[in-house]
2 protein chains.
Amino acid sequence: MTVRALRHYDEIGLLSAGERTGSGHRRYTEDDLRRLYRVRSLRSLGLSLEEIAGVLAEPAGDLAAMRVLLTAQLRGLEARAVQLQQLTRQLRGLLARIDSASMPDPDQFMTTLEMISVFETYFTPEQREQLAQRRTELGGTAIEAARTEWAGLVEELLCHVRDETPVDDPRVRDLVARWDTLGNRFHVDGQGGERTKTAARRMWDDNSEEIGPSLPWPADRMRNLLAYLERVRQQLG
Amino acid sequence: MTVRALRHYDEIGLLSAGERTGSGHRRYTEDDLRRLYRVRSLRSLGLSLEEIAGVLAEPAGDLAAMRVLLTAQLRGLEARAVQLQQLTRQLRGLLARIDSASMPDPDQFMTTLEMISVFETYFTPEQREQLAQRRTELGGTAIEAARTEWAGLVEELLCHVRDETPVDDPRVRDLVARWDTLGNRFHVDGQGGERTKTAARRMWDDNSEEIGPSLPWPADRMRNLLAYLERVRQQLG
DNA sequence: CTTGAACCCGCCGTAACGGAAGGTCCTACC
DNA sequence: GGTAGGACCTTCCGTTACGGCGGGTTCAAG
């Protein structure tokens with residue numbers, strides 16, 4: 001407890017010293033001290049100063065109001081615990097990939113980072129949950145291998161996009177076949193009554209329908225890549 | 001992603017639009033978009049914008065620096081997970097006590113809140129960890145009963161302090177005996193080479209040695225209570 | 001009587017943006 | 001070709017729970 005915090009509580013009217021000495025120094029009474037104890041304990045439970053002021057303003061000890069607040073607080077904590085677990089899982093996976101010899105290439109790792117962002121943007125939390133469940137089913141090593149393969153495929157395909165490799169080139173056909181094989185393992189349900197889509201297909205749709213009009217640039221890189229994929233698929237029939 | 005966030009990244013120099021139109025509108029290039037994806041994914045991993053600027057400033061993809069950052073992040077998450085669990089336990093305990101019929105009295109609940117604050121102030125985290133371990137050993141219901149009894153004892157004793165009940169009164173002797181019996185179940189080790197102390201004894205010492213001089217008021221309520229306890233104990237011999 | 005510590009007040013800063021005010025620009029429609 | 005409505009621009013203020021600094025006053029001990 002710092003004296004600065006006491007001054008802050010005074011400023012916002014949460015806890016003012018009951019008396020002042022002749023020279024202006026704050027003199028806290030016993031009641032102030034008890035109020036301070038309550039404030040501190042409620043803060044240690046994670047309530048905001050505003051919420052604390054609310055419950056302490058009630059006529060001496062409204063347990064009903066307190067119960068509502070603490071219940072909400074508990075729910076919030078549980079939600080954060082879930083997020084925290086997911087984050088921990090993700091961090092562990094990334095670190096394992098950095099440490100393993102399978103990811104010595106910084107560029108590939110950066111591509112992975114970009115894909116993480118794309119995933120979080122274009123999939124709903126439910127779909128990501130579904131994907132997470134699929135991941136646990138497939139096992140850690142399998143999914144890590146798939147991720148690495150995917151990042152590699154993205155890099156290779158982008159080279160072909162840049163070089164304008166014709167879509168009937170056997171190398172490209174092979175790459176796209178591997179892309180689809182990989183993607184088919186990660187079907188997710190679309191929103192509402194939509195048909196099941198692969199990850200790539202859903203990214204493509206959302207890319208053209210949502211990102212396109214709302215920002216002045218088209219998401220060129222991904223758009224080009226996915227359009228290229230489409231053309232190759234049409235060639236494949 | 002809001003346009004406001006993009007402007008913020010521009011302001012702090014994390015991500016500026018590569019070009020501007022003649023009228024001053026920001027035009028983001030493909031490279032800007034890739035950088036944005038990296039920024040977003042690193043932020044979703046919990047890194048601060050400053051840290052992100054740091055790793056992205058390195059010559060294209062320094063995996064070693066990234067590894068250090070992500071490892072630190074993981075450690076932080078694990079620490080927060082522990083705190084979060086403790087908080088959840090505490091909140092559940094309090095809510096159970098509000099809901100149970102054993103705590104219908106708002107005043108007693110407020111006293112409990114004050115005691116929480118005192119505990120967190122006067123015990124080191126290690127000691128509180130020790131107490132938590134003791135709690136798990138004793139089981140949930142036993143410890144809840146003890147807490148309720150303790151809050152009741154505090155209230156009753158404070159009445160006697162206020163009324164200046166003589167220390168050889170049988171009612172007071174009985175209360176203090178119960179206090180000590182309760183307290184003896186919660187011995188904690190003192191700091192450094194100190195002898196083992198009971199919770200009450202340690203509170204008393206810290207109360208007079210630390211709180212007293214640093215604040216203009218003595219912690220009257222607790223001091224009076226504990227001094228009274230001491231006097232009764234001396235009477236008991 | 002001095003001196004060092006503790007207090008007073010007021011102001012600025014934090015992280016990562018959100019929001020409003022007031023003005024410019026772009027595009028679609030009539 | 002004018003206009004309407006949306007999207008964009010800059011600048012400034014606000015958020016949480018305090019921390020820190022500067023300049024001035026007060027207090028208790030030696």
Side-chain angles (χ1 to χ4, degrees), chain A residues 1-29 32 35-36 38-56 69 72-73 76 80 83 87 117 120-121 210-218, chain B residues 1-29 32 35-36 38-56 69 72-73 76 80 83 87 117 120-121 210-218:
Chain A
M1 202 56 206
T2 69
V3 81
R4 190 63 190 75
L6 288 176
R7 258 191 46 73
H8 180 60
Y9 295 164
D10 195 355
E11 280 169 16
I12 65 175
L14 175 60
L15 172 66
S16 312
E19 306 169 3
R20 292 281 187 131
T21 67
S23 58
H25 287 190
R26 289 173 178 78
R27 182 166 298 277
Y28 289 88
T29 69
D32 295 336
R35 188 176 171 89
L36 174 62
R38 296 173 187 192
V39 169
R40 294 297 294 179
S41 70
L42 289 174
R43 256 209 55 72
S44 80
L45 293 174
L47 300 193
S48 72
L49 296 185
E50 195 178 353
E51 289 169 325
I52 295 172
V55 295
L56 292 190
L69 264 184
Q73 192 67 19
R80 289 203 324 191
Q83 288 178 3
L87 249 183
S117 178
E120 291 179 350
T121 306
E210 294 176 10
I211 293 247
S214 71
L215 289 177
W217 33 260
Chain B
M1 203 55 207
T2 69
V3 80
R4 191 64 191 74
L6 287 177
R7 261 196 42 73
H8 181 58
Y9 295 163
D10 196 355
E11 280 171 14
I12 65 175
L14 175 59
L15 172 66
S16 310
E19 305 169 3
R20 292 281 186 132
T21 68
S23 57
H25 289 190
R26 289 173 178 79
R27 182 167 298 277
Y28 288 87
T29 69
D32 295 337
R35 188 177 171 88
L36 174 61
R38 296 174 188 191
V39 169
R40 293 298 295 178
S41 72
L42 289 174
R43 255 208 58 71
S44 81
L45 292 173
L47 300 193
S48 71
L49 296 187
E50 196 177 353
E51 291 168 325
I52 294 172
V55 295
L56 292 190
L69 263 184
Q73 192 66 19
R80 290 203 323 192
Q83 289 179 1
L87 248 183
S117 178
E120 291 179 351
T121 306
E210 294 176 9
I211 294 247
S214 71
L215 290 176
W217 33 260

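Model, not experiment: these values are computed from the prediction.
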Are any of B/Arg7's side-chain N or O atoms less than 4.0 Å away from OP1 or OP2 of D/dT10?
yes
Closer than 4.0 Å, any side-chain N/O of B/Arg4 to the OP1 or OP2 of D/dT10?
no
Closest nucleotide of DNA chain C for B/Leu47 versus for B/Thr21: which of these residues is on the 5' side?
B/Leu47
May I ask you to verify if any side-chain N or O of B/Arg20 is less than 4.0 angstrom from the OP1 or OP2 atom of D/dC8?
no
Nearest-nucleotide check on DNA chain D, B/Glu11 vs A/Thr2; residue mapping nearer the 5' end is B/Glu11
Is the closest side-chain heavy-atom distance between A/Arg27 and A/Arg20 below 4.5 Å?
no
Considering heavy-atom distances to DNA chain C, does B/Arg40 or B/Gly22 have its closest nucleotide positioned more toward the 5' end?
B/Arg40
Find the distance A/Leu6:CG to C/dA6:P and express it as a whole number of Å.
15 Å
Nearest heavy-atom pair of A/Thr29 and A/Asp32: which atoms, and what distance?
N-OD2, 3.0 Å
Given atom NE2 of A/His8 and atom P of D/dA17, what is their separation to the nearest angstrom?
7 Å
On a heavy-atom basis, the closest approach of B/Leu87 and A/Leu45 is CD2-CA, 3.6 Å
How would you label the contact of A/Ser48 with the nucleic acid (heavy atoms, under 4.0 Å): base, sugar-phosphate, or nothing?
sugar-phosphate
When you compare the side chain of B/Val39 with that of B/Tyr9, does any pair of heavy atoms fall below 4.5 Å?
yes
Are side-chain heavy atoms of B/Asp10 and B/Arg26 found at a separation under 4.5 Å?
yes
Going from OG on B/Ser16 to CD on B/Glu11, what distance comes out if it is rounded to the nearest 0.5 angstrom?
10.5 Å
Taking OP1 and OP2 of C/dC26, is either one under 4.0 Å from a side-chain nitrogen or oxygen of B/Ser23?
yes
Starting from P on D/dG19, measure out to CD1 on A/Ile12 and report it in whole angstrom.
13 Å
Distance check needed: C/dC8 C1' versus A/Glu19 CD, whole Å only.
18 Å
Without decimals, in angstroms, what is the distance between A/His25 NE2 and C/dC8 P?
6 Å
To the nearest 0.5 Å, atom CZ of B/Arg35 lies from atom CG of B/Leu56 at 5.0 Å
Taking for A/Tyr9 and for B/Asp10 the nucleotide of DNA chain D with the nearest heavy atom, the one nearer the 5' end belongs to B/Asp10
Show the distances under 3.5 angstrom between N or O atoms of the protein and N or O atoms of nucleotides 1-4 of chain C.
none

Short side-chain N/O contact from A/Arg26 to OP1 or OP2 of C/dC9, under 4.0 Å
yes
